[in-house]
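Presented below is the structure to which this report refers.
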Amino acid sequence: MNDKKTSLQEEMFSQIHGRELFEQAKSYAYAYMDGVYDRNVFPTDEAIKTLNVFDESLPKAPGNPGEILRLLHEHGSPTTVAQTGGRYFGFVTGSSVPVALAAKWLSDVWDQNAALYVISPVSSQLEAVCEKWLVELLSLPVGTAAGFVSGTSTATLCGLAAGRNELLKRQGWDANADGLFGAPNLRVVVGEQAHATVFKVLALLGLGRARVEIVPTDDQGRMIANKIPELDSRCLVIAQAGNVNSGAFDPIDEICDRARRADAWVHIDGAFGLWAAGSRTKKSLTRGIERADSWSVDAHKTLNAPYDCGIILCKYREALVAAMQTTASYILYSEKRDGMHYTPEMSRRARVVELWATLKSLGKDGVEELVDRLCDHAKRFAKNLCSKGFRILNDVVFNQVLVACDTPEQTKATLEHIQRSGECWCGGAVWNGEQVIRISVCSWATTLADVERSVAAFVNARNTVDLSTNTEPGQM
Ligand SMILES: *Cc1c(COP(=O)(O)O)cnc(C)c1O
């Protein structure tokens, strides 16, 4: 028998069995985890400068594995943003529940392809289980189908593709076969404050960014229900559970009333807000969601599953599957769940492992506690900032807080100072024409002490800014 291995292959086997490499990675990971809750949230300028060590041409010869890991830890770890810690409030970015992180380590070793049951029975089973759990947790119609994708952008793509094709099918048109040229006209109705990814998806799906019918929104960014145009059975309506700035929820119940009467399709972008349905005290925000047709949600935001983990949920299984259909002679379909029928991709990592671990470790009670805690911290943030003379520009109904100082210049300079301080990190936005600092409380790790430390960073930043404007007039 010829058992000859190449020297590179020999080397790789010895890396696997020698363990040293993995022990090295593990010790770096532990060092990172031990430091992340207390370190500067954004990397320092000096650390970022060292990133140029990666600037080299593609090596010709195989590299030294220990050296590769060392490079990553020495220059990569300090230049990460401490998103998993408790003082990162940028965008809407979740941390990782510890068990989910550990499950991800384990499943990284499995490296499963979740395309088909025959490629990965375990992924298929966990997807089927999570589908059921999510439907129960979010109180969606029994039988709702779930597809496990990279995030809400892709989930919205799937939901709107299903809705588009289904509405056309009801008009006697097969969009899969015949495309959109010559198809019956569809109308798209969106709120003025729909997320940027919705418009991107509309462009990708041939529905157009600009030909949409825009519904005006109120001062919180909610669609004004009685400004919704007369709907009909050719309408895709896209509502929002959680405005990315204010956290406000569209009046979903009223939107669904109108849509149901007209046989329109309602998709809900609930990237971070849909999880409100898992909390008894926040559930009223999502009233009526069960009457929509499709929903997109991110497990990597409020739920704190590791990246990347988005979910498309669709009331009509056949509509989603028909929109995502692939056929090829070598594909072995099974009686069991074949994940690729629910997603645009064929090959896909088994991100459901972490989702399953997150849901199993939190349970219904843990999800509720997490959602409530994030919202309570947001409220506390707003209250404390308000008492320090900052202005809060939104009703804090969920996990988002919009903050401003007295002048736009002061707000901008204060934000820059906060970002540089390393004490916490927030983004900025323009809200109702005004420059704001945007706080999103989205990490399980955030404690009351983190909130207080961050409020102190806000106060300190504003004081520093005031001082420099007072001593150097005109410098701003
Ligand atoms: C984050 C977000 C998205 C985009 O989700 P990704 O997971 O980044 O693709 C869409 N809509 C809303 C409301 C969001 O908050």
Side-chain angles (χ1 to χ4, degrees), residues 81 83 88-96 134 138 146-161 188 190-205 209 212 215 217 220-223 236-250 252 255 266-277 282 285-286 289 292 294-313 343-345 348-349 351-352 354-355 358 371 374-375 378 394 397-402 426-429 431 438-443:
V81 173
Q83 288 177 181
Y88 184 77
F89 308 107
F91 305 92
V92 185
T93 304
S95 177
S96 295
L134 288 166
L138 302 172
F148 300 93
V149 294
S150 57
T152 287
S153 309
T154 310
T156 301
L157 179 79
C158 299
L160 295 187
V188 177
V190 300
E192 201 177 347
Q193 294 252 344
H195 195 266
T197 52
V198 166
F199 294 98
K200 175 173 177 168
V201 164
L202 290 172
L204 280 168
L205 289 175
R209 290 171 194 269
V212 296
V215 181
T217 48
Q220 298 300 312
R222 292 175 294 228
M223 254 196 242
L236 271 174
V237 183
I238 302 153
Q240 184 163 260
N243 178 293
V244 77
N245 288 318
S246 70
F249 289 61
D250 279 340
I252 294 167
I255 293 167
V266 179
H267 177 82
I268 296 181
D269 173 1
F272 64 95
L274 210 65
W275 301 108
K282 298 289 172 288
L285 292 167
T286 61
I289 52 163
S294 55
W295 307 262
S296 35
V297 61
D298 273 327
H300 58 224
K301 289 180 178 166
T302 318
L303 192 68
N304 280 246
Y307 278 96
D308 46 11
C309 194
I311 306 145
I312 173 62
L313 293 146
T343 66
E345 309 95 331
R348 213 163 27 99
R349 70 182 196 88
R351 54 174 65 87
V352 72
E354 299 108 69
L355 176 61
T358 304
V371 170
L374 299 177
C375 298
N394 64 319
V397 295
F398 205 58
N399 66 330
Q400 306 286 117
V401 188
L402 301 175
C426 306
W431 177 250
R438 218 173 138 269
I439 298 170
S440 176
V441 186
C442 217
S443 167

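Whatever order the structure lists ligands and atoms in, that order sets their numbers, starting from 1. Bear in mind the structure is a predicted one, so any value in this text is a computation, not a measurement. All heavy atoms count here, side chains included; hydrogens, waters and symmetry mates do not.
For ligand 1, the atoms sitting less than 4.0 Å from at least one non-hydrogen atom of G151 are 7 (O), 9 (O), numbered in the order shown with element in parentheses. Listed by atom number, the atoms of ligand 1 under 4.0 Å from H300 heavy atoms are 7 (O). Which parts of ligand 1 touch F272 is read off a 4.0 Å heavy-atom cut-off, strictly below it: atoms 15 (O). For ligand 1 and V244, the ligand atoms under 4.0 Å from any heavy atom of the residue are 15 (O). For ligand 1 and K301, the ligand atoms under 4.0 Å from any heavy atom of the residue are 1 (C), 2 (C), 3 (C), 4 (C), 5 (O), 14 (C), 15 (O).
Judged by distance alone, the side chains of S246 and Q400 never bring a donor and an acceptor atom under 3.5 Å apart. In summary, the side chains of N245 and R438 do present a donor paired with an acceptor at a separation below 3.5 Å, with no hydrogens or angles considered.
Ligand 1 has an N or O atom lying under 3.5 Å from an N or O atom of D298, backbone or side chain.
Ring geometry for F398 versus F272: interplanar angle of 30 to 60°, hence tilted.
Contacts between T152 and ligand 1 below 4.0 angstrom, taking non-hydrogen atoms only, involve backbone and side chain alike. Counting heavy atoms under 4.0 Å from ligand 1, residue S153 touches it through both backbone and side chain.
In this structure, G242 is part of the shell of residues with a heavy atom less than 4.0 angstrom from ligand 1.
In this structure, S153 and K200 have side chains that are not in contact, with every pair of non-hydrogen atoms separated by 4.5 Å or more. Counting only heavy atoms from C-beta outward, the side chains of F148 and R348 approach each other to under 4.5 Å.
Among protein heavy atoms, atom 11 (N) of ligand 1 sits closest to D269 OD2, 2.7 Å.
Every residue was checked against the ring pair (Phe, Tyr, Trp, His ring centres under 6.0 Å) condition with F199, not counting sequence neighbours, and none meets it.
Proximity of a side-chain donor or acceptor of N399 to a complementary backbone N or O of S440 within less than 3.5 Å is not detected.
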